[in-house]
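First up is the structure itself, then whatever we jot down about it.
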Amino acid sequence: MNPLLSRLQPYPFERLKQLFSGVTPNPAYRAISLGIGEPKHPTPAFIKQALAAAMDIPGSDLAGYPPTAGSPELRAACAAWMQRRYGLALDAATQVLPVNGSREALFAFAQTVIDPTRPAVVVCPNPFYQIYEGAALLAGADAYYAPSDPRRNFAVDWDSVPEATWAKTQLLYVCSPGNPTGAVMPLDEWRKLFALQDRHGFVIASDECYSEIYFRDEAPLGGLEAAAKLGRGDFRGLVAFTSLSKRSNVPGMRSGFVAGDAALLKQFLLYRTYHGSAMSPIVQAASVAAWKDEAHVVENRDLYRRKFAQVTPLLETVLDVRLPDAGFYLWAGVRGSDTAFARDLLAQYNVTVLPGSYLAREARGGNPGAGRVRMALVADTAECLEAAQRIVQFVQNRS
Ligand SMILES: Cc1ncc(COP(=O)(O)O)c(C=O)c1O
C-alpha cells in the first residue's frame, strides 16, 4: 500500500460520528442538522432541463468520450463568466479548464505541482477545508497550518509563517471566501502573498467556491482579479478554483473550472488526461446553461441574505458570532468546549453543529477552531430559525 495513505486524518464527520456515539438526541425535537456544508436550496429547473435535453443532442450525448479539456462551448462560457464577474479577458483555450467540482481539482492540483524529490511544504489556512491537507500529504509534502486571527475578521496570519518555511513552500492554498470563517481576502493581503510568492517561487491555489454567496454590497475580490489589479495579468503561479455547486445549487452535478496561469494549466491538463478526469458531456451542456445565467444566482444569494438576516441576530444574543463577509456558515464562539457544546446540544435539542476544532489542527500551541462551532445555514429559513431558537434556549439554560 501507499504508505502516505496512513498520514491522512479522519474526516471531520467521522470524528463527529464518534463524538455522538452513545448520545440519544432528545426525542421531543425533530432532528435539524447545521453540520454538513452542502447546499440544500433547490436546483433551478432550467439546469435540470438542460441536463435532460443534452441526452438528445448529438455531440453532447453519451455516445462518445468527452475531451479532458472540455468542449469549446463550456470553456467559452467559463471565460465569459470570468469577464462579466471580474472584468478579466481570459483566453478560453489556454487559461480555463473545466473540472469535476473544485474538490477533485484542489486535490489533483497538488499532485501536479509538488516535486517530492525536494523539501516540500504546502501552506494552508487553519481552520481549513480538509482536502488541502490530504492533497499535500498524498503528494509527499508536509502541511503547514497558518492560523486565522479572530481579532482581524479571521484573516490568516501569514506573517506568522517562518521565512524558512516559506523557503520550502511549493504550494499555498488560500480560501476566499473562507470555509468556515466566511472571510474575504482584501487586495492588501493578495499583495503580501504575491510578494512572498515572488521571493520564494511557490504556486498559489485560490479556492473561490463560495464567491457568489456574500452579504456585503461588494462582490468578493477574486484571486485573478487581484492579480490583474496588481499588474500580474499573466497570472503567473496562480490558479483560481471556481464551482457551480454552491453558486447554482448543483453539488450533485460535479462541475466547476479552474482558471489562471496557462503554463500551469497545460501541465494540469496533462495530469488530468492520465487521471481520467473528463467531464460528462451531459454535465458540460448543463454547465454551459448554468454559467450563462445570472438571475438564479441573484435569487439564490437573496435567499441566503434573508435567512442570515433573520438567524444571525438571534444567535448574536447568546454566542460570539456575527454576519460573515460571505459563504453560508456562521463561525461562532461558544465560550467553552466546542465538542461538549455540540454533544450537549444534540442530546438536549437534537440540533447538529460541527465542532470547530475538527476543522483545524493543533499547531504551535493551539487549535484555532477550539471554542467555536460551524453552523451551515443551508436548510430553509424556517428550519434554520427553529434551530437558532433551540440554540438560544440551550445556551440560556446552560449558563
Ligand atoms: C472550501 C471548499 N472548497 C471546495 C469545496 C468543494 O466543492 P465542490 O467540489 O462541490 O466544487 C468545498 C465543499 O464543501 C469547500 O467547502
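Order of listing sets the numbers, starting from 1, for every ligand and every atom in it. What you are looking at is a predicted structure, and each value in this text was computed from that prediction instead of being measured. Numbers for residues simply follow the sequence, beginning at 1.
- With respect to Lys40 and Asp380, no salt bridge is recorded, no charged nitrogen being found less than 4.0 Å from a carboxylate O.
- For ligand 1 and Cys175, the ligand atoms under 4.0 Å from any heavy atom of the residue are 1 (C).
- Residue Tyr329 has no N or O atom closer than 3.5 Å to an N or O atom of ligand 1.
- A distance below 6.0 Å separates the ring centres of Phe308 and Phe215.
- Not counting sequence neighbours, the partners of Pro10 by the side-chain contact (heavy atoms from CB on, under 4.5 Å) test are Glu14, Arg15.
- Closest protein heavy atom to atom 10 (O) of ligand 1: Ser245 OG, 2.5 Å.
- The pair Arg7-Asp142 counts as a salt bridge, with a side-chain nitrogen and a carboxylate oxygen less than 4.0 angstrom apart.
- For Phe241, the heavy-atom gap to ligand 1 stays at 4.0 angstrom or more.
- Among protein heavy atoms, atom 9 (O) of ligand 1 sits closest to Arg254 NH2, 2.6 Å.
- Every atom of ligand 1 with a heavy atom of Gly101 under 4.0 Å away is listed here by number and element: 9 (O), 11 (O).
- Heavy-atom separations between Leu106 and ligand 1 include at least one value shorter than 4.0 Å.
- Ring pair Trp166/His200 is parallel by interplanar angle, where below 30° counts as parallel and above 60° as perpendicular.
- Taking only nitrogen or oxygen atoms, main chain and side chain alike, Tyr132 does not reach within less than 3.5 Å of ligand 1.
- At a threshold of 4.0 Å, the pair Glu104-Arg272 counts as salt-bridged, since one of the basic side-chain nitrogens sits closer than that to a carboxylate oxygen.
- A salt bridge is defined here as a Lys NZ or Arg NE, NH1 or NH2 lying under 4.0 Å from an Asp or Glu carboxylate O, and Arg85 with Glu212 meets this definition.
- Taking the six-membered ring where tryptophan is involved, the planes of Tyr349 and Tyr29 are tilted, since the angle between them lies from 30° to 60°.
- Of the protein's non-hydrogen atoms, Lys246 NZ, 2.9 Å is the one closest to atom 14 (O) of ligand 1.
- Short contacts between ligand 1 and Tyr210, defined as distances under 4.0 Å to a heavy atom of the residue, involve ligand atoms 1 (C), 2 (C), 14 (O), 15 (C), 16 (O).
- Listed by atom number, the atoms of ligand 1 under 4.0 Å from Arg103 heavy atoms are 6 (C), 8 (P), 9 (O).
- Using a non-hydrogen distance threshold of 4.0 Å, Cys209 registers as a contact of ligand 1.
- Per-residue contacts place Asp207 under 4.0 angstrom from the following atoms of ligand 1 (heavy atoms of the residue considered): 1 (C), 2 (C), 3 (N), 4 (C).
- Judged by the shortest distance from any of its heavy atoms, Pro251 lies outside the 4.0 Å radius around the atoms of ligand 1.
- Sequence neighbours left out, the pairs with a member in residues 97-120 that pass ring-ring contact (aromatic ring centres under 6.0 Å, His included) are Phe109-Phe241, Phe109-Phe268.
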